[in-house]
Amino acid sequence: MIEIKKLGIEHFEPIVAFDKLCFPTDFWKEEDFKELLSDERTTYYAAMDGDIIAADVFIYNWQGKQDYVKIMNVAVHPDYRKRGLAKQLLNLVTEEMLQLGMKRFCGETRASNFAMQHTFESCGYKHERTVENCYENPTESAFKYVLQL
């Protein structure tokens, strides 16, 4: 049974291992995860199957500064894909952040990541713009998405 939990810096090692599993050539640097997991504006939501991270969404809440929620990372374990977990997590983030008064959500994905593009669009996000050569390993454009409620 999948249960959604908020994880923090105390789960640093499994979070980093999960990111490397999902993004073997383009994972986050460990020091970036450590810094962000320690920041009070970040929340890391995980869909847990027992002790296994099945999916995650990592957000940064810019409330009071730029007044939007940045979707920094969405990932689904290869064994758990095509079950709607990313959509479920994004919808949960939207519900929780709406309760805090947040109405603008921004995220991005690689131009080749059709599954994430579909997920953003199925959650109401609109493709706002494309940034050429935004990603490395391999070099690729980013599709920027916005949800404005």
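Everything numeric here is computed off the predicted structure, so don't read it as measured data.
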Rounded to the nearest 0.5 Å, what separates atom [atom1] in [X] from atom [atom2] in [Y]?
X	Y	atom1	atom2	value
Ile53	Lys5	CD1	NZ	10.5 Å
Asp32	Leu37	CG	CG	10.5 Å
Cys123	Leu89	SG	CG	9.5 Å
Leu36	Lys29	CG	NZ	12.5 Å
Asn113	Phe23	CG	CZ	7.5 Å
Asn133	Thr139	CG	OG1	6.0 Å

Can you name the closest pair of heavy atoms from Thr42 and Met72 and give their distance?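 So the minimum-distance heavy-atom pair works out to CG2-CE, 4.0 Å.
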Might you point out which heavy atoms bring Lys87 and Ser122 nearest each other, and give the distance in Å?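 Between these two residues, the closest heavy atoms are CD-OG, 3.7 Å.
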Using a side-chain heavy atom cutoff under 4.5 Å and only I, L, V, M, F, W and Y, what cluster partners does Met1 have?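 Via sub-4.5 Å side-chain contacts, Met1 links to none.
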Please identify each residue that fulfils side chain to side chain donor-acceptor pair (under 3.5 Å) with Gln66, with sequence neighbours left out.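 Expected list: none.
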Residues which pass side chain to side chain donor-acceptor pair (under 3.5 Å) with Asn73, listed by chain and number, not counting sequence neighbours: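 Checked Asn73 against side chain to side chain donor-acceptor pair (under 3.5 Å); zero matches.
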Under a single-linkage definition using a 4.5 Å side-chain heavy-atom cutoff for Ile, Leu, Val, Met, Phe, Trp and Tyr, are [X] and [Y] assigned to the same hydrophobic cluster?
X	Y	answer
Val57	Leu7	no
Leu98	Met102	yes
Val16	Ile9	yes
Met116	Leu85	no
Ile71	Leu100	yes

Taking only residues two or more places apart in sequence or in another chain, which ones pass side chain to side chain contact (heavy atoms under 4.5 Å, CB included) with [X]?
X	result
Ala86	Val74, Val76, Thr119
Arg104	Tyr68, Cys106, Glu128, Val146, Gln148
Glu132	Thr130, Ser141
Leu92	Ile4, Tyr45, Glu96

Tyr125 ring center within less than 6.0 Å of Tyr145 ring center: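 Between Tyr145 and Tyr125, the centre distance exceeds or equals 6.0 Å.
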Residue list, ring-ring contact (aromatic ring centres under 6.0 Å, His included) with Phe143, at least two apart or on another chain: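 Counting only residues at least two positions away or on another chain, Phe143 forms a ring-ring contact (aromatic ring centres under 6.0 Å, His included) with His127.
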Does Phe33 have any ring-ring contact (aromatic ring centres under 6.0 Å, His included) partners at least two apart in sequence or in another chain, and if so, which?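 So Phe33 forms a ring-ring contact (aromatic ring centres under 6.0 Å, His included) with Trp28, Phe58.
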With heavy-atom distances below 4.5 Å as the criterion, would you say the side chains of Phe120 and Leu147 are in contact?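 They are not in contact (no side-chain heavy atoms under 4.5 Å apart), so the answer is no.
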With a 4.5 Å heavy-atom cut-off, do Phe105 and Leu149 have their side chains touching?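 The answer is yes, as the side chains (C-beta and beyond) meet within the 4.5 Å cut-off.
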Which residue pairs satisfy the side-chain hydrogen bond (donor to acceptor under 3.5 Å, both in side chains) criterion with at least one member in residues 8-20, sequence neighbours excluded?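 Only Lys20-Glu30 qualify under side-chain hydrogen bond (donor to acceptor under 3.5 Å, both in side chains).
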Mind jotting down which residue pairs meet the side-chain hydrogen bond (donor to acceptor under 3.5 Å, both in side chains) criterion with at least one end in residues 47-63? Sequence neighbours excluded, please.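 Passing the test, one end in residues 47-63: Asp39-Tyr60, Tyr44-Asp56, Asp49-Tyr80.
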Might you confirm whether atom CD of Glu35 has over 12 heavy atoms from other residues, nucleotides or ligands at distances under 6.0 Å?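 Atom CD in Glu35 is not packed in, count stays at 12 or less.
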How would you list all residue pairs meeting salt bridge (Lys or Arg N to Asp or Glu O under 4.0 Å) that involve residues 136-149, not counting sequence neighbours?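 Every salt bridge (Lys or Arg N to Asp or Glu O under 4.0 Å) pair that includes a residue of residues 136-149, provided the two are not neighbours, is Glu108-Lys144, Arg110-Glu140.
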